[in-house]
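Note sheet for the following structure.
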Amino acid sequence: MSEKPIGVAVLGLGNVGTEVVRIIEESAADLEARIGAPLQLRGIGVRRVANDRGVPEELLTDDIEKLVSRDDVDIVVELMGPVEPARKAIMAALERGKSVVTANKALMAQSTGELAQAAEKARVDLYFEAAVAGAIPVIRPLTQSLAGDSVVRVAGIVNGTTNYILSAMNDTGASYESALADASALGYAEADPTADVEGYDAAAKAAILASIAFHTRVTADDVYREGITKVSAEDFASAKALGCNIKLLAICERLVSGKGKHRVSARVYPALVPLDHPLASVNGAFNAVVVEAEAAGRLMFYGQGAGGAPTASAVMGDLVMAARNRVQGGRGPRESKYAKLPIASIGAIPTRYYVNMNVKDQPGVLSAVAAEFSRHEVSIAEVRQEGMTDPEGEPCGARIVVVTHRATDAALSDTVKALAELDVVQDINSVLRMEGSDS
Ligand code: NAP
């Protein structure tokens with residue numbers, strides 16, 4: 001057993017950093033036994049150096065560059081976020097031969113190439129399990145357990161804030177605005193919730209998952225993205241009537257054309273999910289990822305996708321792996337990008353759709369609406385029509401909900417444009433995709 005300690009620098013002492021430092025200290029003996037050498041905390045990078053931070057003040061520093069350059073630091077754990085200053089600190093660490101563990105999804109979805117190259121050049125590890133779905137092991141299963149299989153699809157609920165909001169809307173019939181206000185009051189949504197509710201956070205995670213699953217570099221800019229801000233209480237009522245829930249999904253797929261050409265699709269949007277699909281019952285702030293591989297079939301990973309301690313669990317797993325590699329003299333898997341698959345545009349992706357519209361309550365409306373779907377070769381699977389009344393209880397038109405069979409996004413967009421121009425259609429209230437059913 002090696003006795004030489006492994007020096008660790010932790011950058012950031014916030015929600016996650018505090019828990020990582022606690023585990024390193026409280027579980028020191030177990031970690032040493034698992035690694036074969038003790039972990040020694042050399043320093044903690046923060047903005048505010050003070051003696052009220054629950055750690056010995058002499059460990060704290062605001063000089064990140066100096067900390068990551070120290071000769072006695074072997075592994076740098078980056079838990080500062082956002083992209084900068086994290087990128088600069090990680091690059092400096094890798095260039096000096098330190099292994100790096102990070103939870104920074106925004107950075108990994110943007111700069112994987114640059115960071116992976118630097119890790120490759122220095123022949124060190126770059127691990128980022130905590131960047132996707134918090135405590136849930138999904139990066140390691142994809143890169144290692146499934147390394148001999150071919151992944152076809154990864155679909156998940158990877159943002160706890162939006163899942164909390166959508167679950168509340170489903171459970172209580174609340175509007176989006178009221179569910180967001182409750183989530184903020186309870187600490188599930190940040191003061192500026194844009195990154196979560198507009199789907200940027202989920203898109204970063206989709207880029208990371210697609211890159212790993214399909215051996216192709218995919219960045220956040222390659223991911224088609226729609227957020228949840230337009231999902232209404234009425235959509236939930238319609239979804240319920242159709243036997244569905246509504247979830248913000250991150251979907252990464254390997255598509256095969258008729259000519260056998262492979263492409264990657266990575267996309268994030270709210271979608272109707274049939275209640276018998278495993279993702280439909282993932283509620284509150286929980287995350288889940290369903291992986292489909294050719295030989296393994298369907299696998300599901302479920303658990304806490306955020307929070308200081310759950311995220312620290314994933315960070316610690318990476319830290320132990322990186323430390324073991326230092327002790328035993330090896331490296332974990334490198335970036336695998338050999339497939340270099342092209343990215344499919346959203347227009348070419350076939351899914352089912354739900355279209356909710358207000359129409360005039362008069363004869364012939366249904367056939368006019370159906371004719372537009374037919375003209376654009378979008379086949380209708382189900383239609384529901386209900387009369388509407390104004391606040392005085394007087395009839396004021398009707399609402400039609402159409403569910404289609406699989407159609408391309410391009411065909412559906414053309415259909416919706418044509419519907420909006422029909423004299424009998426008063427409003428297109430919403431257009432959502434339906435995932436998890438094949439017909
Ligand atoms: P946080 O609570 O905001 O903490 C950030 C820490 O980084 C603070 O200690 C801060 O120092 C330090 N920091 C920020 N900018 C710095 C700078 N320029 N120089 C030195 N120190 C700096 O963040 P967190 O929630 O722990 O998240 C950390 C990372 O984990 C992020 O990349 C996040 O995306 C990722 N992550 C978080 C979660 C989660 O549930 N929280 C889940 C998955 C992934 P001061 O304390 O002095 O301000």
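Note that the structure is predicted; figures quoted are calculated from it, not measured. Atoms within a ligand are numbered from 1 in the order they appear, just like the ligands themselves.
In this structure, the protein non-hydrogen atom closest to atom 17 (C) of ligand 1 is R47 CG, 3.5 Å. Nearest protein heavy-atom contact of atom 40 (O) of ligand 1 is G307 N, 2.6 Å. Protein heavy atom closest to atom 45 (P) of ligand 1, with residue, atom name and distance, is R53 NH1, 3.5 Å. In terms of protein heavy-atom proximity, atom 37 (C) of ligand 1 is closest to V16 CG2, 3.7 Å. Ranking protein heavy atoms by distance to atom 1 (P) of ligand 1, first place goes to G14 CA, 3.9 Å. Protein heavy atom closest to atom 44 (C) of ligand 1, with residue, atom name and distance, is A103 O, 3.5 Å. Scanning the protein for heavy atoms near atom 12 (C) of ligand 1, the closest one is G12 CA, 3.9 Å. At the top of the distance list for atom 34 (O) of ligand 1, counting protein heavy atoms only, stands K105 CE, 3.3 Å.
Residue V46 holds the heavy atom nearest to atom 21 (N) of ligand 1 of all those in T311, V46, T102. Proximity annotation for atom 5 (C) of ligand 1: of M80, K88, E78, M80 comes nearest, heavy atoms only.
When only modelled atom types and interatomic distance are considered, S99 and R326 share a side-chain donor-acceptor pair under 3.5 Å. If you check the side chains of R96 and S69, you find a donor sitting under 3.5 Å from an acceptor. With hydrogens and angles left out, the side-chain atoms of K205 and N287 include no donor and acceptor closer than 3.5 Å. D182 and Y188 share no donor-acceptor pair across their side chains, judged by distance under 3.5 Å alone. Side chain to side chain, T162 and N159 meet the donor-acceptor criterion of an N or O pair below 3.5 Å.
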Where do T216 and Y338 land on the side chain to side chain contact (heavy atoms under 4.5 Å, CB included) test, with the steps shown first?
-> CA-CA 7 Å; T216 293; Y338 72 91; over 6 Å; no

For E386 and V401, run side chain to side chain contact (heavy atoms under 4.5 Å, CB included): C-alpha distance rounded to whole Å, both residues' side-chain angles, the deciding distance at 0.1 Å, then the answer.
-> CA-CA 9 Å; E386 43 191 72; V401 170; 5.9 Å; no

Starting from the C-alpha separation in whole Å, work towards a yes-or-no answer on side chain to side chain contact (heavy atoms under 4.5 Å, CB included) for L94 and V124.
-> CA-CA 7 Å; L94 293 170; V124 294; 3.7 Å; yes

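Residue contacts with ligand 1: L13 is included, with a non-hydrogen atom under 4.0 Å away. Ligand 1 has A130 within reach: a non-hydrogen atom of the residue lies less than 4.0 Å from it.
Close approach of ligand 1 to N104 is summarised as follows: ligand atoms under 4.0 Å from at least one heavy atom of the residue are 32 (O). Of all atoms in ligand 1, numbered sequentially from 1 with element shown, those under 4.0 Å from a heavy atom of A306 are 40 (O). If you number the atoms of ligand 1 from 1 as listed, the ones under 4.0 Å from a heavy atom of R48 come out as 47 (O).
Shown here, atom 9 (O) of ligand 1 is in close reach of the protein: a heavy atom of it lies under 4.0 Å off.
At a heavy-atom cutoff of 4.0 Å, ligand 1 is contacted by the side chain of P85 but not by its backbone. At a 4.0 Å heavy-atom cut-off, ligand 1 touches I64 through the side chain alone.
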